[in-house]
Amino acid sequence: MIPDSFKQDLLNRVDIVDVVGRYVQLKKAGANYSGLCPFHDEKTPSFTVSPAKQFYHCFGCQKHGNAIGFLIDYGGMGYVDAIKELASTVGMQVPEWQPRTPEEAKRKERDTDLASILQRAMEFYRVELKRTPRAVEYLKRRALSGEVAARFGVGYAPDDWQGLKRAFPEYDHAALVECGLVIEGEGKRYDRFRDRVMFPIFNRRDTVVGFGGRVLGEGEPKYLNSPETPLFQKGQELYGLGHAREAIHQAKRALVVEGYMDVLALAQHGVGYAVATLGTATTPVHVTRLLRELRESGAELVFCFDGDAAGRKAAWRALEVSLPLATDANPVRFLLLPEGDDPDSYVRAHGREGIERLMVRSQTLSEFLLGELRAQSNLATPEGRSRFMVTARPLVQRLAAPMLRLQLTRAIAPIAQVAPEDVQRLFLPEDAPRYRSTAPVRASAPRAPSSEEQGLLRCLMVDPALAQALEEDLLDAQAPESAALRDIAAALAEGDAPSGGMLVERFSGGVHEALIFRAQAAALDSQLDAAGAAHEFRQLQIALRIRRKHREIEALKTRVVGDAALNAELNQSIKELHQLKSQRS
Ligand SMILES: [Zn+2]
């Protein structure tokens, strides 16, 4: 929503050394600054901040980014808040987002309207809770303290078909239907939530975007959520994340449970780092957002499910979603509760220590994966063992964390009664698809680095403006860096990206993220300045021309026999090759 031009001006004006220096003690080390990494425990500094390139990078835990990213990762701020905070330090005013089309203007106005309606409804439900002894009694029976209920904004929807009319005299307004509070059918309108304890659902900006409601008595359904609305998409929100953020940071752990009552009961017993999926299976958005919250290397993500068949299935789904997202820095665990228990009942019976003991003993991702696969196969027969490997193969291949993948292939070997090298060969062949460009196909034998394309990318990290001189037709179509180089050149042609930090900003989350990150780390390592980068860039393009000339010559040589014209062309090419070589320095 914030214009790119503003972000560029902002990043040009702030100094990342100041921004990071407020939180980390930095010492000058050559052209850069270094200090103890705030994202992982260390005794010797591997955290570097480059004033020239305006980004930071930790060689220990690989965290990296620009000033905005630092405030998000370390300060735990949302994107917009981080920009506002930065802007205030240099006296810049974040421009109000200006809708460009009438449709955008309409959509923005609608979203603001819907959010304020939901806010008003939450306040109404909270007042109703205080006036309804039955509802208060229910919460007491669930042993929920008034303090926790108030902290999470718990309320009560009255047992009345049009209870909201008291909060909204304009009950006929279409927006009440649009935000999911009122249902319209056969010419009648009525409240969606009636006689239910109400749990407001906040998005990451702490705005109410929906509700979950639990029946007081025996009615069906037991839990009812807001429908999908322009503000609320179930697969994207995590209940309680805003409240849990601080505790996640302190405990270095996030616990994912299924229900709101679980989150509240856990919070009341001192486990403040729990969040709930909202009646949906775990989604990639959930996992991505949680991994982003786990700032410290070693901080873990624990999925907690009931110990029954449905819980196991849900846990397996969470595992499948986590495979391509998990990193070596943040372990993922699976906690299956004893049958008959849920987190709410367990923490009430055994307290914080009890459930934390379970978390410590819970299965790691690899233990859970292997355990489930073993249970499905008859390992006593060769056929059963090969079946085991057939099932394991695609799962291991999807795992993005290279170290863990290597460990898994080692662990699979004795179970399948084959040599570890055979597992590696069968699971991770040379031409295996690369699910993520960060992950080398084989952890033990990474791709040879330092192609010309990689070098060019590294130069652009120091001075993106060099991309103006990029000769795109020289690039090797097979090199993964080529597409990134072309996209940077295109971005520059649109007038974007004056600094390396801005490039990270622009491409973060996209297909080139990993390549660009690697190039930035390399640029930081090389201590290249703008003049050096410009020189290297020119040299690399000469090398590309030489490479192409070599290929032309090779192609000509195979056809030249007895053809005078081709022979002349070959001689000309060789002459040009020598000229090109003389341009190198
Ligand atoms: Zn670090």
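The figures that follow rest on heavy atoms only: side chains count, while hydrogens, waters and symmetry mates do not. Along the sequence shown, the residues carry numbers beginning at 1.
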Give a yes or no answer on whether the side chain of S482 reaches the backbone of D476 with a donor-acceptor pair at less than 3.5 Å. yes
When rounded to the nearest 0.5 angstrom, what is the spacing between CG in L485 and SG in C459? 10.0 Å
For D262 and V257, indicate whether the former's side chain and the latter's backbone hold a donor-acceptor pair under 3.5 Å. no
Taking side chain as C-beta onward, heavy atoms only, is T282 less than 4.5 Å from E320? no
Distance, nearest 0.5 Å, that separates CG of L86 from NZ of K84: 13.0 Å
Does any part of the side chain of N32, heavy atoms only, come nearer than 4.5 Å to the side chain of V49, both counted from C-beta? no
Verify whether one side chain among E228 and Q233 offers a donor that lies under 3.5 Å from an acceptor in the other. no
Salt bridge flag under 4.0 Å for residues E178 and R110: yes
Taking atom NZ as the centre, does K28 end up with more than 12 heavy-atom neighbours from other residues, nucleotides or ligands that are less than 6.0 angstrom away? yes
Classify the side-chain pair Q54/N12 by whether it contains a donor and acceptor separated by less than 3.5 Å. no
Below 4.0 angstrom, N of the basic side chain to O of the carboxylate: do D41 and K252 qualify? yes
If I take atom CD from residue E300 and atom CG from residue L291, how far apart are they, to the nearest 0.5 angstrom? 12.0 Å
Show your reasoning for whether ring pair (Phe, Tyr, Trp, His ring centres under 6.0 Å) applies to F55 and H57. CA-CA 7 Å; F55 61 83; H57 176 238; 7.8 Å; no
Taking the ring of H535 and the ring of F537, is the distance between their centroids below 6.0 Å? no
Can you tell me if S226 uses its side chain to pair, donor with acceptor, with the backbone of F211 under 3.5 Å? yes
Taking the basic N atoms (NZ, or NE/NH1/NH2) and the acidic carboxylate oxygens, is any pair closer than 4.0 Å for R458 and E452? no
Would you check, one step at a time, whether the test salt bridge (charged side-chain N to carboxylate O under 4.0 Å, His left out) holds for E453 with R547? CA-CA 12 Å; E453 282 80 3; R547 184 176 75 186; 2.8 Å; yes
Does atom CD of E472 have more than 12 heavy-atom neighbours, drawn from other residues, nucleotides or ligands, at distances under 6.0 Å? yes
Is the backbone of C58 close enough, under 3.5 Å, to the side chain of H64 for a donor and an acceptor to pair up by distance? no
I want to check something: taking the side chain as every heavy atom from C-beta on, are I83 and V94 in contact at a cut-off of under 4.5 Å? yes
If only atom types and distance count, is the side chain of R352 paired as donor or acceptor with the main-chain N or O of V271 below 3.5 Å? no
Rounded to the nearest 0.5 Å, the CD atom of Q541 sits from the CG atom of L470 at a distance of 5.5 Å
Using only atom types and a distance under 3.5 Å, with no angle test, would you say the side chain of R333 pairs donor to acceptor with the backbone of S362? yes
For Y56 and F70, I'd like to know if the aromatic rings sit close, meaning centre-to-centre distance below 6.0 Å. yes
State whether the number of non-hydrogen atoms from other residues, nucleotides or ligands found under 6.0 Å of R410 atom CZ is greater than 12. no
Sidechain-backbone polar pair: H249 side chain, E246 backbone, donor-acceptor under 3.5 Å: no
Check: E42/S46 side-chain N/O donor and acceptor closer than 3.5 Å: yes
State the OG1-CD1 distance between T207 and I201, to the nearest 0.5 angstrom. 13.5 Å
Gap separating the CG atom of L11 from the CD1 atom of I68, nearest 0.5 angstrom: 4.0 Å
Could you tell me whether the side chain of H243 and the main chain of R151 form a donor-acceptor pair under 3.5 Å? yes
Can you label the angle between the F303 ring and the F334 ring as parallel, tilted or perpendicular, going by 30° and 60°? parallel
